[in-house]
Amino acid sequence: MTIIIIGAGIGGLCLAQMLKKNGMNVQVFERDANASDRPQGYRLHLDADGISAIKESLPEKLFELFELTSTNPLAYTTILDTALKLKRRFPIDEYSKTEHHIERGVARHLNVNRATLREILLTGLDDICYYGAKLDHYEADEKGITAFFEDGRIIKGDLLIGADGAGSVVRKQRAPEAKLMDSGARAIYGRIKLEDARKVLPQLCIADVFTAASDARKLILGVGPIIFPVRPESAAQSLGLDRTLNEQHDYVGCIISGRKEFFGSDDTEVRKKTSDELQQMAIELLSDWPSEASSVPAAGEKGSFFYIEMNSSIPFDLKPHHNVTLLGDAIHNMTPSLGRGANVALKDAVLLGKELIEVALGKKELVNSLADYEREMTEYGFNVVRHSAEMGTKLLGQDPLTE
Ligand SMILES: Cc1cc2nc3c(=O)[nH]c(=O)nc-3n(C[C@H](O)[C@H](O)[C@H](O)COP(=O)(O)OP(=O)(O)OC[C@H]3O[C@@H](n4cnc5c(N)ncnc54)[C@H](O)[C@@H]3O)c2cc1C
C-alpha cells in the first residue's frame with residue numbers, strides 16, 4: 001500500500017514517523033520550499049494525548065531527544081488580575097477539560113518549542129519528505145488516488161491523507177460541505193527572552209504551563225515559558241544521534257488576544273503591519289491596565305510579533321470514503337483557547353496509524369479501517385472544537401459556534 005500524506009505539519013509528520021517505523025511505504029508532500037522556510041510559531045503546550053502519541057510514533061532515541069528539549073512546567077493554568085497579581089490557579093486538566101487523562105493515570109504536561117518539535121519529527125524522514133509540493137487537487141477511483149501538484153508533479157498511490165492544516169485543499173474536495181467560521185477573536189503573538197521576562201513577570205508566570213490576565217472586555221494577556229532542560233543544539237549529540245538541532249534560547253511566549261474590533265476594523269490592514277507596529281499595538285491595547293501589564297509586550301524581542309486570525313471548524317457529519325481521509329486542523333480546526341489543537345492532531349495520527357498497520361497486516365479492509373478511524377476521530381475532535389469554542393466565548397469574546 002502506497003500512502004501519500006499532504007502536509008509536513010505536526011500531525012502529518014507524526015503519522016509518517018509511525019508508518020515508517022512499522023516498515024510501511026509512505027511519502028509526505030509539503031508546500032513550503034524547505035524545512036525552515038517559514039517561522040513555525042513559538043510555545044506549544046502538549047498534554048497526555050500529544051505526548052503519548054509522540055512516544056508511540058517516534059523511534060526510542062528521538063523520543064528521548066523530545067524529552068530532553070521539552071520544558072517541564074508546573075501543571076497549572078493561572079489567572080492574574082490586570083496588575084498581574086494572582087487571582088486563581090487551576091490544575092490544567094480541569095481548565096482544558098482533560099480530567100480523563102488523570103483517570104487514565106497518564107496526566108502529563110510539557111511546553112515545547114514548535115520549531116524544535118518539528119525538527120525532531122522530521123528526523124529520519126529526508127528520503128520520504130518532498131518540499132515545494134503544493135497540492136492542487138486529487139482524483140480518486142476504485143483503483144487508487146492521483147495527486148496533482150501546482151508545480152506539475154503527479155503522484156499515484158493507494159491512500160491520500162489530508163494533513164494540510166486549517167485551509168486544507170484535501171478537505172475542500174473530500175468534504176465540500178465542511179465549513180469554517182470566523183471566531184471573531186484575534187491575537188498578536190510574540191516572545192520575550194527569558195532574562196527580560198524575569199524582570200517584568202511574576203515568577204509563577206515562568207513556572208506554570210500558561211498564565212493569563214484579563215479585563216472586563218475579555219481582552220487577554222497570556223504568557224507561557226520555554227526553558228530548555230538541555231540546549232537543543234547539543235541535545236542530539238548527547239544522545240549519540242547523527243543530527244544537529246538548530247540553536248534556540250529560553251523565552252516566554254506572549255499573546256494579546258480579544259475581539260477583532262480591538263485590533264482595528266480591517267484584517268487586511270492589520271496583516272500589513274510590521275512586527276514593531278504590532279508590538280506597539282499590543283502595548284497600546286493594554287494602556288488602560290496598570291503599567292505592569294504593558295511592560296510585558298514592551299519587553300518583547302524585536303521582530304518576533306505577528307498577527308493571528310482565529311477560525312473554527314463547524315462540526316459536521318463526515319461521509320465515509322474508501323481512499324481519502326483527513327487529520328488534525330484539516331478536519332477539526334479550533335481556536336487556541338484550550339491549547340489542544342496539536343494534541344488532537346497527534347492523537348489522530350496515532351489512531352489512523354494503528355488502523356493502517358492492521359490493514360498492512362491483512363487483518364482489516366482499508367475501507368473499514370478508514371470508517372472506524374473517522375467515526376472515533378470526528379467524535380472526539382469535534383467535541384474538543386466545541387469545548388474550545390465554549391472557553392473562547394467565555395475568555396476571549398469568541399462568537400458562539402454556529403452548529
Ligand atoms: C497562537 C496559537 C497557539 C497554539 N497553541 C497550541 C498549544 O499550546 N497546544 C496545542 O495543542 N495546539 C495549539 N495550537 C494549535 C496547533 O497549532 C494546531 O492545531 C496544529 O498545528 C495542527 O497540526 P496539523 O498537522 O493538523 O496542521 P499544521 O501544523 O498547520 O500543518 C499543516 C501543514 O500542511 C502544509 N500545507 C498546507 N496546504 C498544503 C498544500 N496544499 N499542499 C502541501 N502542503 C500543504 C502546511 O504548510 C503545513 O506545513 C495553537 C495555534 C495557534 C494559532
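Counting convention: from 1, in listed order, for ligands and their atoms alike. On a predicted model such as this, the values are computed, not experimentally measured, just so you know.
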R243: side chain to side chain donor-acceptor pair (under 3.5 Å) partners, not counting sequence neighbours: T123
Take the angle between the ring planes of Y130 and F29 and call it parallel below 30°, perpendicular above 60°, tilted in between. parallel
For E60, look at atom CD and say whether over 12 heavy atoms of other residues, nucleotides or ligands are found less than 6.0 Å away. no
Lining ligand 1 at under 4.0 Å, by non-hydrogen atom distance, are residues I6, G7, A8, G9, I10, G11, F29, E30, R31, D32, R38, R43, L44, H45, R114, A133, K134, L135, A163, D164, G165, V169, Y189, I308, G328, D329, P336, G339, R340, G341, A342, N343, A345
With a 4.0 Å cut-off, would you call D158 and K143 a salt bridge? no
Parallel, tilted or perpendicular, as decided by the 30° and 60° cut-offs, for the rings of Y251 and Y42: perpendicular
Would you mind checking if D208 and R89 are paired as a salt bridge, meaning a charged N to carboxylate O distance below 4.0 Å? yes
